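Worksheet: one structure, shown below.
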Amino acid sequence: MGVKNGGARKRVPTAWGRLMWPVLLAVVLLCVGAVVVSGMVPGLFSAPRPAPSIPAWQQQPTQLSGSSALLPLDTKAPVPVPAEVAKLLDGTLKPDGAGNISGVVMDALTGQVLFDRDANANRIPASNMKLLTAVAALKALGPETRFTTKVLGSDNPSTVVLTGGGDVLLGDSASDPSAVLGHAGLASLASDTAAALAASGVQGPVTVQVDDSFFSGPALNPAWSLDDVAAGETAPLYSLALNSGRYSPGVETGPRPQDSAMTTAQAFAAQLATAGVAVSPGVERAKGLHTKVLAAAESATVSEQVDLMLETSDNFLAEALGRMTASASGKETTYDAATAAVRQRLGELGITTDTMLLADVSGLALENQVSARQFAEVVRAITSGTDPALRSALEGFPVAGLTGTLNDRYGDASTAGGAGLVRAKTGTLNTVIALSGYVVDADGRLLVFSFIGNGLDPGAAGNKVAMDRSASVLASCGCRG
């Protein structure tokens with residue numbers, strides 16, 4: 001029978017006909033799913049994209065060639081030829097006027113000396129001293145250690161004793177777990193103390209005392225210039241302080257509290273009153289074996305404090321870390337014990353210390369005498385990975401032109417080549433400028449260096465430039481002859 005007007009002939013479905021549409025639908029769904037998944041997981045159905053390259057200055061030395069045998073690194077990057085390094089540095093490492101600059105450059109992996117200008121001669125190092133303090137504190141205390149500030153109960157239930165445990169980075173407000181300065185806050189201590197007093201039925205008024213006996217010996221180092229103290233470069237040291245011994249966390253210059261323990265206790269008493277506790281006027285000094293803990297607050301870790309010390313060159317914090325290093329080394333908590341503990345810990349790292357003269361651990365004292373070679377060895381110990389505890393100090397090195405005490409340097413044409421590449425600790429006194437740190441050269445080799453100028457013309461601008469240019473030429477150095 002014929003078909004009229006485009007009509008369809010009725011057919012009986014076969015087995016394939018019954019399966020065809022579900023199969024086609026499944027294929028379409030699979031294709032769509034593959035497209036979606038491939039978008040969510042790049043490289044699933046194609047060659048993986050190469051990882052973005054990370055600039056050398058953003059890498060830690062364990063990722064850089066020639067820096068450590070602990071990881072499978074490309075150690076084939078060529079070592080610079082010493083004569084070529086000397087040719088560059090002899091042209092840049094010159095004082096602006098009077099004085100002299102000693103220096104050394106070493107291959108971080110092998111320790112080979114690539115440049116030596118009076119590298120073993122003792123020099124006044126200024127704040128490069130903090131590098132010695134950093135490694136000693138990390139080795140003695142451990143990078144994850146925290147210091148505890150406590151509020152203790154006394155024999156008189158209406159007396160509370162704010163007790164220092166070495167944290168000089170206390171904040172006045174609530175504890176901030178994300179902060180280094182202010183990690184432990186007086187407002188939180190006061191709130192917890194108020195709750196403990198209420199639980200014990202203490203009605204008040206409450207007398208606040210402070211126990212700062214954890215640090216012993218003179219509060220002020222006799223090796224320091226009183227002019228430096230008056231200018232606020234540092235202050236008498238106590239075992240607890242607000243804002244690293246300053247009136248405000250945002251003010252880094254000018255006069256400081258001369259009794260940071262008492263200033264902190266007065267601020268605590270005010271916070272206790274804010275928390276609803278009746279507080280008697282005045283704060284007393286106390287020293288006793290109180291054991292009942294009403295409240296406690298922990299500091300940032302030692303590694304975080306070391307990084308802050310290095311980045312900002314904080315003298316007060318450096319001296320506090322020195323005292324804590326002495327305590328952890330079984331010594332008294334005096335200035336002399338702190339220098340002895342730093343010397344001890346450096347010796348344990350295999351760094352020669354018999355020629356060093358140490359009068360403090362912050363670098364303010366002009367009596368300090370350390371060689372460029374010794375500083376380079378300390379930097380090498382930090383970068384090598386031989387002692388993992390020391391590696392946490394890497395983040396504290398200021399980055400040229402970007403962070404810390406190098407933030408406003410490396411901006412002119414002669415030094416800009418090192419911006420973002422050079423990482424180094426600065427040091428500045430009236431006639432002293434120092435720079436010690438590390439840099440990756442143009443071939444990918446990790447180098448450590450130390451430059452120290454003594455007897456310089458005060459304020460001569462060219463001396464910092466000479467240091468910065470010298471570090472910058474190392475960054476651009478292929479130096480293979």
Side-chain angles (χ1 to χ4, degrees), residues 126-127 129-130 133-134 137 146-149 162-173 175-176 179-186 189 210-271 283 285 297-300 302 304-327 333-335 338 360-365 396 404-405:
S127 282
M129 275 294 301
K130 295 181 177 70
T133 306
R146 301 177 187 270
F147 310 144
T148 306
T149 304
L162 181 65
T163 305
D167 185 3
V168 298
L169 300 179
L170 292 165
D172 191 29
S173 56
S175 298
D176 184 354
V180 180
L181 195 157
H183 189 92
L186 295 185
L189 267 175
V210 61
D211 184 351
D212 59 7
S213 61
F214 184 53
F215 288 176
S216 56
L220 196 62
N221 192 326
W224 291 337
S225 163
L226 293 181
D227 290 338
D228 286 339
V229 177
E233 294 295 333
T234 192
L237 186 67
Y238 296 87
S239 60
L240 72 167
L242 282 169
N243 310 314
S244 198
R246 291 199 179 278
Y247 287 109
S248 170
V251 179
E252 297 181 358
T253 59
R256 295 171 176 257
Q258 295 302 292
D259 188 335
S260 62
M262 188 60 69
T263 300
T264 304
Q266 290 166 349
F268 171 73
Q271 289 288 2
V283 174
R285 214 169 215 112
E298 291 192 327
S299 71
V302 167
E304 291 170 329
Q305 295 190 52
V306 163
D307 287 344
L308 179 64
M309 173 193 69
L310 292 177
E311 184 175 343
T312 63
S313 204
D314 189 320
N315 295 314
F316 194 88
L317 178 56
E319 295 296 338
L321 288 170
R323 297 290 188 98
M324 299 305 288
T325 299
S327 176
T333 50
T334 64
Y335 284 113
D360 70 11
V361 297
S362 61
L364 273 178
T405 54

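Just so we're clear, the structure is a prediction, and the values are computed from it rather than from any experiment.
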Do Thr334 and Ser216 have a side chain donor and acceptor closer than 3.5 Å?
no
Start with the C-alpha distance between Leu317 and Leu169, add both sets of side-chain angles, then the distance that settles side chain to side chain contact (heavy atoms under 4.5 Å, CB included), and finish with yes or no.
CA-CA 8 Å; Leu317 178 56; Leu169 300 179; 4.1 Å; yes
What residues form a side chain to side chain donor-acceptor pair (under 3.5 Å) with Glu304, not counting sequence neighbours?
Thr301
N/O donor-acceptor pair under 3.5 Å between Asp360 side chain and Ala365 backbone
yes
Close side-chain approach of Leu237 to Tyr335, heavy-atom, < 4.5 Å:
yes
Kindly state each residue pair satisfying salt bridge (Lys or Arg N to Asp or Glu O under 4.0 Å) with at least one member in residues 219-247, sequence neighbours excluded.
none
Determine whether Phe147 and Val302 make a side-chain contact, defined as any pair of heavy atoms from C-beta on separated by less than 4.5 Å.
yes
Quick one, Met324 and Phe214 - any side-chain contact, counting heavy atoms below 4.5 Å?
yes
Close side-chain approach of Val251 and Asn243, heavy atoms under 4.5 Å
no
Distance from Leu321 atom CG to Ser362 atom OG, nearest 0.5 Å?
11.0 Å
Would you mind writing out the side-chain donor-acceptor pairs for residues 257-265 within the sub-3.5 Å range, not counting sequence neighbours?
residue	atom	partner	partner atom	Å
Gln258	NE2	Arg256	O	3.1
Asp259	OD1	Ala261	N	3.4
Asp259	OD1	Met262	N	3.1
Asp259	OD1	Arg285	NH2	2.9
Asp259	OD2	Arg285	NH1	3.0
Asp259	OD2	Arg285	NH2	3.2
Ser260	OG	Leu240	O	3.3
Thr263	OG1	Asp259	O	3.0
Thr264	OG1	Leu242	N	3.3
Thr264	OG1	Ser260	O	2.6

Among residues at least two apart in sequence or on other chains, which ones pass side chain to side chain contact (heavy atoms under 4.5 Å, CB included) with Ala270?
none
Check Val283, Asp211, Leu189 against Leu162 for a side-chain contact (heavy atoms from CB on, under 4.5 Å) and give me the one that passes.
Leu189
At what distance, to the nearest 0.5 angstrom, does CG of Leu186 lie from OG1 of Thr149?
8.0 Å
Between Ala267 and Asp172, which heavy-atom pair has the shortest distance, and what is it?
CB-OD1, 3.7 Å
Can you tell me how far the CD atom of Gln305 sits from the CG atom of Leu308, to the nearest 0.5 Å?
8.0 Å
Residues forming a side chain to side chain contact (heavy atoms under 4.5 Å, CB included) with Thr234, sequence neighbours excluded:
Trp224, Val229, Asn315, Phe316, Leu364
Applying salt bridge (Lys or Arg N to Asp or Glu O under 4.0 Å), which residue pairs with at least one partner in residues 309-325 are found, sequence neighbours left out?
none
Taking the side chain as everything from C-beta on, heavy atoms only, tell me whether His183 gets closer than 4.5 Å to Ser175.
no
Residue pair Lys130 / Ser127, side-chain donor-acceptor N/O under 3.5 Å:
yes
Hey, does Asp176 have a side-chain heavy atom less than 4.5 Å from the side chain of Leu181?
no
Nearest-0.5 Å distance, CG of residue Leu310 to OG1 of residue Thr405:
9.0 Å
Any idea which heavy atoms bring Ser299 and Arg146 closest together, and the distance?
O-NH1, 3.0 Å
